[in-house]
Amino acid sequence: MRTPIIAGNWKMFKTMAEARAFAQEAKAGNHTSGVQKVICAPFTALAALKEELAGTDIAIGAQNMHFEEQGAYTGEISASMLKEIGVEYVVLGHSERRQYFNETDETVNKKVVAALAAGLVPIVCVGESLEQREAGETADVVRTQTEGAFAGVNAAQVADTVIAYEPIWAIGTGKSSTAEDANETIAIIRSVIGERFGQATAEKVRIQYGGSVKPENIASYMAQPDIDGALVGGASLVADSYLQLVAGATSR
Ligand SMILES: O=C(CO)COP(=O)(O)O
């Protein structure tokens with residue numbers, strides 16, 4: 001039985017002060033157990049968020065990192081810098097990073113390897129564009145991205161990672177995938193993991209859906225057998241909404 005995981009991806013939203021205010025509200029209303037809770041905040045808000053959430057079961061995550069341990073990489077952040085703050089998760093290969101910041105399957109793979117070596121849990125994002133979906137390429141796209149991300153990683157490590165299936169056409173558009181369609185693609189991703197890393201690993205790895213998830217539709221996703229939670233943008237920015245998503249994930 002896989003523990004559901006609800007991760008908020010704040011993207012480029014919230015100052016330190018706003019992150020603190022969110023944390024105080026979230027702390028006060030945090031009464032759901034049996035769901036793993038993560039907030040992936042901008043780098044600048046992570047330390048403040050960690051401080052406010054100390055003693056709670058809400059973990060913090062980053063939204064990117066560099067694959068080298070240190071070096072002359074102006075503007076970049078390493079895994080050990082994140083670990084020092086108390087970061088436990090890191091979103092890697094989000095479609096916005098692939099689209100706007102030249103992230104490739106190869107750099108995602110290097111980052112996955114580095115994150116695991118540092119003891120961070122990667123949340124690896126995969127998903128097809130609208131054109132790819134319409135061309136019937138969804139299965140091929142998620143296969144290539146999944147195999148690419150985990151190249152050279154061992155089965156035990158893969159089992160402890162999180163994958164987020166986010167169809168690009170559903171991100172921030174209000175056009176969510178149907179729960180059945182999302183489950184079908186997530187089952188494909190799980191079978192790719194099974195082929196590469198064995199059935200036990202495929203059964204253990206958590207695969208989230210992401211793309212216009214809201215408190216009103218979370219239960220429909222959680223009712224699907226292969227969907228283990230959600231990676232949520234917009235609806236994770238308000239504490240009450242985030243907590244409703246967490247509560248909705250217990251319907252599993
Ligand atoms: O990209 C997403 C999460 O990483 C999804 O964003 P929305 O929930 O705002 O559609």
Side-chain angles (χ1 to χ4, degrees), residues 4-14 18-19 22 26 35-43 45-46 49 58-65 87-101 103 108 111-112 115 120-130 132-133 138 141-142 145-146 149 161-179 181-183 185-186 189 206-222 224 227-249:
I5 175 165
I6 299 294
N9 173 13
W10 281 357
K11 308 191 179 184
M12 198 171 73
F13 290 97
K14 291 197 194 291
E18 289 164 347
F22 175 100
V35 176
Q36 242 165 355
K37 304 157 197 165
V38 187
I39 297 291
C40 302
F43 292 130
L46 287 169
L49 197 56
I58 307 174
I60 61 168
Q63 301 170 14
N64 180 37
M65 54 169 253
V87 168
E88 293 175 60
Y89 294 83
V90 59
V91 175
L92 295 176
H94 192 281
S95 59
E96 287 152 16
R97 295 216 57 88
R98 293 178 192 259
Q99 188 178 352
Y100 307 130
F101 303 100
E103 196 79 86
V108 172
K111 291 177 181 191
V112 168
L120 291 168
V121 178
I123 300 176
V124 177
C125 301
V126 301
E128 82 287 1
S129 66
L130 188 57
Q132 289 166 328
R133 167 153 287 252
T138 299
V141 169
V142 298
Q145 290 176 335
T146 303
T161 65
V162 178
I163 300 172
Y165 167 58
E166 299 203 317
I168 296 168
W169 47 270
I171 295 177
T173 57
K175 270 196 266 172
S176 51
S177 168
T178 66
D181 284 352
N183 190 70
T185 306
I186 286 175
I189 296 166
R206 265 102 45 91
I207 311 183
Q208 303 170 307
Y209 167 72
S212 300
V213 176
K214 307 266 178 291
E216 304 80 61
N217 62 19
I218 182 73
S220 70
Y221 294 107
M222 297 310 298
Q224 296 291 326
I227 302 182
D228 303 318
L231 182 59
V232 186
S236 74
L237 290 168
V238 173
D240 181 54
S241 168
Y242 177 73
L243 293 172
Q244 284 181 48
L245 290 162
V246 169

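We're numbering straight along the sequence, starting at 1. When a ligand or atom number is given, it counts from 1 through the structure's own listing order.
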| query | When the ring planes of W10 and F22 are compared, do they come out parallel, tilted or perpendicular, using 30° and 60° as the limits? | reply | perpendicular
If we only consider heavy atoms of [X], is any one of them less than 4.0 Å away from an atom in ligand 1?
X	result
K11	yes
G172	yes
G210	no

How far is [atom] from the closest protein heavy atom, and which atom is that?
atom	answer
atom 8 (O) of ligand 1	G233 N, 2.9 Å
atom 9 (O) of ligand 1	G234 N, 2.9 Å
atom 2 (C) of ligand 1	E166 OE2, 3.2 Å

| query | Knowing that exactly one of V38, L245, I39 qualifies, which makes a side-chain contact (heavy atoms from CB on, under 4.5 Å) with I6? | reply | L245
| query | Has ligand 1 got any nitrogen or oxygen that is less than 3.5 angstrom from a nitrogen or oxygen of T173? | reply | no
| Should S212 be counted as touching ligand 1, given the test is an N or O pair under 3.5 Å? | yes
Do [X] and [Y] meet the criterion of a side-chain donor-acceptor pair at a distance under 3.5 Å?
X	Y	value
S129	Q132	yes
E103	H94	no
Q63	R97	no

| field | Spacing of N183 atom CG and Y221 atom OH [to the nearest 0.5 Å] | value | 11.5 Å
| said: Treating S220 as the side-chain partner and N217 as the backbone partner, does any N or O pair qualify as donor plus acceptor under 3.5 Å? | reply: yes
| request: Using a 4.0 Å heavy-atom cut-off, say whether L231 meets ligand 1 through its side chain, its backbone, both or neither. | output: both
